[in-house]
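Scroll down for the structure; my scribbles are underneath it.
No hydrogens, no waters, no symmetry mates; every other heavy atom, side chains included, goes into these values. Please read these numbers as outputs of a predicted model, since none were measured by experiment.
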Amino acid sequence: MSAWPLLWQNGISGLAAWRAMTEGQAGFFQPRVGPLLPWHTSPASASWYDTAPLRATLERLVDFDRINDARAMRVSVGAVNVRSGDFTYFDNTRDTLRPEHFMASAALPPGFPAVEIDGEFYWDGGMVSNTPLYKVLSERPSRDTLVFQVDLWNAHGRLPRDLVQVAERSKEIQYSSRTRLMTEFMRRTQEHRRLLHDVMALVPEVRRNDPAYRRAVARSAAALTNVIHLIYRDKPYESHYKDYEFSGASMHGHWQSGLDDMRHTLAHPQWLAAPDPEDPFVTHDMHRGEAS
């Protein structure tokens with residue numbers, strides 16, 4: 001009998017995913033009429049779904065004046081230039097952010113169309129990097145930083161035993177691997193900067209006007225970094241469609257998982273302390289219960 005609730009939830013989630021595919025998601029996207037017909041020859045219409053409802057939702061609910069007040073908060077969203085393949089950050093310290101910037105950051109093909117911004121077309125930045133960690137740590141490399149990194153895809157998972165599980169596991173690896181790769185890259189970068197900083201302190205004063213010394217100092221940093229991973233763990237009834245199944249029940253479940261993980265993380269106050277200079281970059285994951 002204990003299997004019935006799981007089967008019921010799996011059925012509800014699967015039905016919601018089927019409805020999203022056939023009917024779209026209210027306030028977000030809707031099926032495009034005849035997406036393969038010859039008149040859909042523009043980057044803005046070459047997709048299975050039309051995201052015009054998302055623009056209307058953003059314009060109705062979002063206070064863009066507040067978002068663009070860089071004195072109050074910093075906002076950056078990433079996207080990929082479809083023509084050049086270059087990754088781009090749109091940032092409220094230099095750009096006036098509009099609905100299309102946020103739409104571009106979620107324009108994952110072929111489901112969603114490229115979004116035009118100032119004459120160029122952009123797709124979801126997750127195609128290149130699924131975490132903004134590089135930008136966060138590179139903007140001010142000399143400052144101690146506490147980072148909360150949210151990842152909706154779990155690198156660890158079970159061996160797939162059918163094609164549905166293969167589809168799910170491949171998505172998890174595809175997206176989580178980029179986060180892990182960037183996190184490891186930033187760890188090594190921070191460690192090298194710290195090592196260079198320590199080595200520069202050994203250089204005699206008489207050599208510190210040397211151009212090579214000044215270049216090395218500019219590339220060094222004594223910064224300490226804590227990265228708190230908040231990695232979503234799938235519910236037993238979820239499947240490969242969790243990247244487009246946005247039913248109310250699923251979203252409330254995701255929000256509750258995030259709240260629970262944050263509470264459990266804050267129950268470990270030692271994780272929020274600055275790391276030892278000998279180990280300047282540490283990560284913590286509530287689900288592992290240990291630092292790495």
When hydrophobic residues are tied together by side-chain contacts of less than 4.5 Å, even through go-betweens, does [X] share a cluster with [Y]?
| X | Y | result |
| --- | --- | --- |
| Leu195 | Leu224 | no |
| Leu159 | Leu163 | no |
| Leu152 | Leu181 | no |
| Leu97 | Tyr122 | yes |
| Met103 | Phe64 | yes |

What heavy-atom pair brings [X] and [Y] nearest, and what distance separates the two atoms?
| X | Y | value |
| --- | --- | --- |
| Gly24 | Pro31 | N-CD, 3.8 Å |
| Pro132 | Tyr89 | CA-OH, 3.0 Å |
| Pro280 | Pro275 | O-CG, 3.7 Å |
| Ser47 | Gly111 | CB-O, 3.5 Å |
| Ala223 | Asp144 | CA-OD1, 3.5 Å |
| Ala107 | Val115 | CB-CG2, 4.1 Å |

Using only atom types and a distance under 3.5 Å, with no angle test, would you say the side chain of [X] pairs donor to acceptor with the backbone of [Y]?
| X | Y | value |
| --- | --- | --- |
| Asn226 | Ala273 | yes |
| His264 | Asp261 | no |
| Thr145 | Val147 | no |
| His197 | Arg193 | no |
| His252 | Gly248 | yes |
| Thr283 | Phe281 | no |
| Asn68 | Asn92 | no |

So, taking the atom named [atom1] in [X] and the one named [atom2] in [Y], what distance separates them when rounded to the nearest 0.5 Å?
| X | Y | atom1 | atom2 | result |
| --- | --- | --- | --- | --- |
| Leu230 | Asp260 | CG | CG | 11.5 Å |
| Arg219 | Met200 | CZ | CE | 11.5 Å |
| Thr96 | Ile67 | OG1 | CD1 | 12.0 Å |
| Leu58 | Arg60 | CG | CZ | 10.0 Å |
| Phe148 | Leu272 | CZ | CG | 5.5 Å |
| Leu137 | Met186 | CG | CE | 4.5 Å |

What pairs with [X] under side-chain contact (heavy atoms from CB on, under 4.5 Å), at least two apart in sequence or on another chain?
| X | value |
| --- | --- |
| Asp210 | Arg207, Ala212, Tyr213 |
| Pro109 | Trp123, Met127 |
| Arg83 | Asn81, Glu120 |
| Asp124 | Leu108 |

Quiz item: Can Ser45 and Arg32 be counted as having a side-chain donor-acceptor contact under 3.5 angstrom?
Solution: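 Result is no, nothing qualifies.
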Quiz item: With a 3.5 Å cut-off and no angle check, do the side chains of Thr179 and Gln149 form a donor-acceptor pair?
Solution: no
Taking [atom1] in [X] as the centre, count heavy atoms belonging to other residues, nucleotides or ligands within less than 6.0 Å. Is the count above 12?
| X | atom1 | value |
| --- | --- | --- |
| Arg98 | CZ | yes |
| Arg140 | CZ | no |
| Arg143 | CZ | no |
| Arg19 | CZ | no |

Would you mind checking if [Y] and [X] are paired as a salt bridge, meaning a charged N to carboxylate O distance below 4.0 Å?
| X | Y | result |
| --- | --- | --- |
| Arg188 | Glu191 | no |
| Arg187 | Asp279 | no |
| Lys135 | Asp91 | yes |
| Glu278 | Arg194 | no |

Quiz item: Stepwise, does the side-chain contact (heavy atoms from CB on, under 4.5 Å) test hold for Tyr232 with Ser257?
Solution: CA-CA 7 Å; Tyr232 179 68; Ser257 293; 3.7 Å; yes
Would you call [X] and [Y] a side-chain contact if the rule is heavy atoms closer than 4.5 Å?
| X | Y | answer |
| --- | --- | --- |
| Val227 | His284 | no |
| Ile173 | Arg169 | yes |
| Thr225 | Val282 | no |
| Gln165 | Asp162 | yes |

Practice problem: Could you list the residues that satisfy salt bridge (charged side-chain N to carboxylate O under 4.0 Å, His left out) with Arg71, not counting sequence neighbours? | Solution: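 Counting only residues at least two positions away or on another chain, Arg71 forms a salt bridge (charged side-chain N to carboxylate O under 4.0 Å, His left out) with Asp69.
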Quiz prompt | Phe29: ring-ring contact (aromatic ring centres under 6.0 Å, His included) partners, not counting sequence neighbours | solution = Tyr49, Phe112
Quiz item: Parallel, tilted or perpendicular: which describes the rings of His268 and Trp271, with under 30° parallel and over 60° perpendicular?
Solution: parallel
Practice problem: Taking the six-membered ring for Trp and the single ring otherwise, decide whether the centroids of Phe90 and Phe102 are under 6.0 Å apart. | Solution: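 No: the rings miss the under 6.0 Å criterion.
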